[in-house]
Number of protein chains: 2
Amino acid sequence: MNAPPARRTARDKIMDAAVATIRQKGYAATTVDDLCAAAGVTKGAFFHHFRSKDDLAVAVANYWSEMTGALFAAAPYHHHADPLDRVLGYIDFRKDILRGTVPEFTCLVGTMTQEAYDTHPAVRIACDRCISDHAAKIEADIAEAMRLYQLDADWTAASLALHTQAVLQGAFILAKAKGGPEVAAQSVDHLRRYVELLFGVKREKANV
Amino acid sequence: MNAPPARRTARDKIMDAAVATIRQKGYAATTVDDLCAAAGVTKGAFFHHFRSKDDLAVAVANYWSEMTGALFAAAPYHHHADPLDRVLGYIDFRKDILRGTVPEFTCLVGTMTQEAYDTHPAVRIACDRCISDHAAKIEADIAEAMRLYQLDADWTAASLALHTQAVLQGAFILAKAKGGPEVAAQSVDHLRRYVELLFGVKREKANV
DNA sequence: TAAAACATACCAACTGGTTGGTTTGTGTCA
DNA sequence: TGACACAAACCAACCAGTTGGTATGTTTTA
């Protein structure tokens, strides 16, 4: 009922080039010419599809939101019947994908947020939405787990969900500072241990 | 045994301008002209004191390391006899200083790391040293607390110290995304709760 | 149904302003 | 008086964005 032949247009190529280049060099240091060269298109094509560089930044934040949304939607941890297992499974999954070079596993919108939060409001809003929408999905499982385990906590599901994102974003910065994923993986381990302690359980990582 | 009259030189003014401007706009988006204007000096003065913009970045990372080093050295939490109280006191202090506007409480070297890690090796190294030196100080208190409380943990003092930095750096990103310190403060609360759970204690914040 | 009218996707060359960095000159202090 | 600290003017490269145009559909109309 659809699936147009999906010709790979200049727009798509620019978006993919933007994800890769901005993750590596940052937003401000990435020039429009860089993106055109990486995508193999001309500047005319770029400004045909995007009104400005900032317009591209917003579009690529939304693109990233869709891409990662699909990645996490397809991840195995959703199969667990116990919502706490889903939360821990999510954390395990985040650790699993800390692979490859630093620009390959770090977060595009975290990078853009740092650079654009005060100078490019539209970019900040797009990045915030991406992070917040993602956190909201985890929040649902946390909330369900809190009910199931009858937790009477002095923290909210929303705050813990955002905390998982803070740990991950911070882990990426340490990984960038140290040049590899190892330090980030250790922080994710601490996050997992925290959730176990909060819920008073100790569970091995399931190999789904 | 020294204290030269401490005339406020162009170099000092440029450094202070760099801290403020880079925290607000990011490193790449900050131009040398921006810094000269903010510092009230000319480009001649800038390039008299720094070989290049990158050279300034390294210098300002070290300057930041000294500034924050002095700030934390003077902080009240060191007075606690119990090393665990010092660790919790450090976390409380980090929460206390989440005040003012976003560029006022966020971390300069975290920002620079994001932008420079892959493109400016010298900057990455300077930022890493700043973060790692700071973590090492917390690590000492954590290690002492582990001995005192006879913890037989499957994590190291070093990894927990780095984790505190990851949480803080990530909290800054969320604060930037959401435009205020509240979300960061909640993450710091989660970090404090984690340390309490690890050591099996529950302690109110001391008002030193 | 064929041609005219229009829309979309893209390109190569260009522009005005900005950028990091240089050069040359000047005031000041030890 | 000479080295240092800074100023002013300058430059070549680079930047985001523009312009004027072509190729390839798609829609409308006679």
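Note on naming: letters A, B, ... go to the chains in the order of the sequence lines (proteins, then strands), and numbering restarts at 1 for each one.
Here the C1' atom of nucleotide C:dT8 and the CZ atom of A:Phe47 are 19 Å apart, to the nearest Å. B:Phe46 has its CZ atom 14 Å from the P atom of D:dC6, to the nearest Å. Rounding to whole angstrom units, CG of residue A:Asp33 and P of D:dT18 are separated by 14 Å. Atom CD1 of B:Ile14 is separated from atom C1' of D:dA7 by 12 Å (rounded to the nearest Å). Per the geometry, CG belonging to A:Leu35 stands 11 Å off P belonging to D:dC15, to the nearest Å. Straight-line distance from the CZ atom of A:Arg51 to the P atom of D:dT18: 11 Å, rounded to whole Å. Rounded to whole Å, atom P of D:dA16 lies 11 Å from atom CG of A:Leu56. Rounded to whole angstrom, the span from the NZ atom of B:Lys25 across to the P atom of C:dT18 amounts to 12 Å.
In the set C:dC10, D:dA7, D:dG17, C:dC10 carries the atom at the smallest distance from any side-chain atom of A:Ala45. Of the listed nucleotides (D:dG17, D:dA7, C:dT22), D:dA7 has the atom at the smallest distance from the side chain of B:Val41.
Residues B:Lys178 and A:Asp128 are paired through a salt bridge, judged by an N-O separation under 4.0 Å between the basic side chain and the carboxylate. Salt-bridge check for B:Lys95 with B:Asp189: passed, with a basic side-chain N closer than 4.0 Å to an acidic carboxylate O. Between B:Glu144 and B:Arg86 there is a salt bridge, since at least one side-chain N of the basic residue sits less than 4.0 Å from a carboxylate O of the acidic one.
Judged by distance alone with a 3.5 Å cut-off, a donor-acceptor contact links the side chain of B:Lys43 to the base of C:dG20.
A ring-centre distance under 6.0 Å is not found for B:His80 and B:Tyr90. Taking the six-membered ring for Trp and the full ring otherwise, the centers of A:Phe72 and A:Tyr77 sit at least 6.0 Å from each other.
Among the protein residues, B:Thr42 comes within range of the nucleic acid bases, having at least one heavy atom under 4.0 Å from a base atom.
For the OP1/OP2 pair of C:dA9 and a distance below 4.0 Å, the side-chain nitrogens and oxygens of A:His48 include at least one atom meeting the criterion. Proximity of B:His49 to the phosphate of D:dC6: a side-chain N or O atom is located under 4.0 Å from OP1 or OP2.
When each of B:Gly44 and A:Thr31 is assigned the nucleotide of DNA chain D with its nearest heavy atom, B:Gly44 is the one assigned upstream, toward the 5' end.
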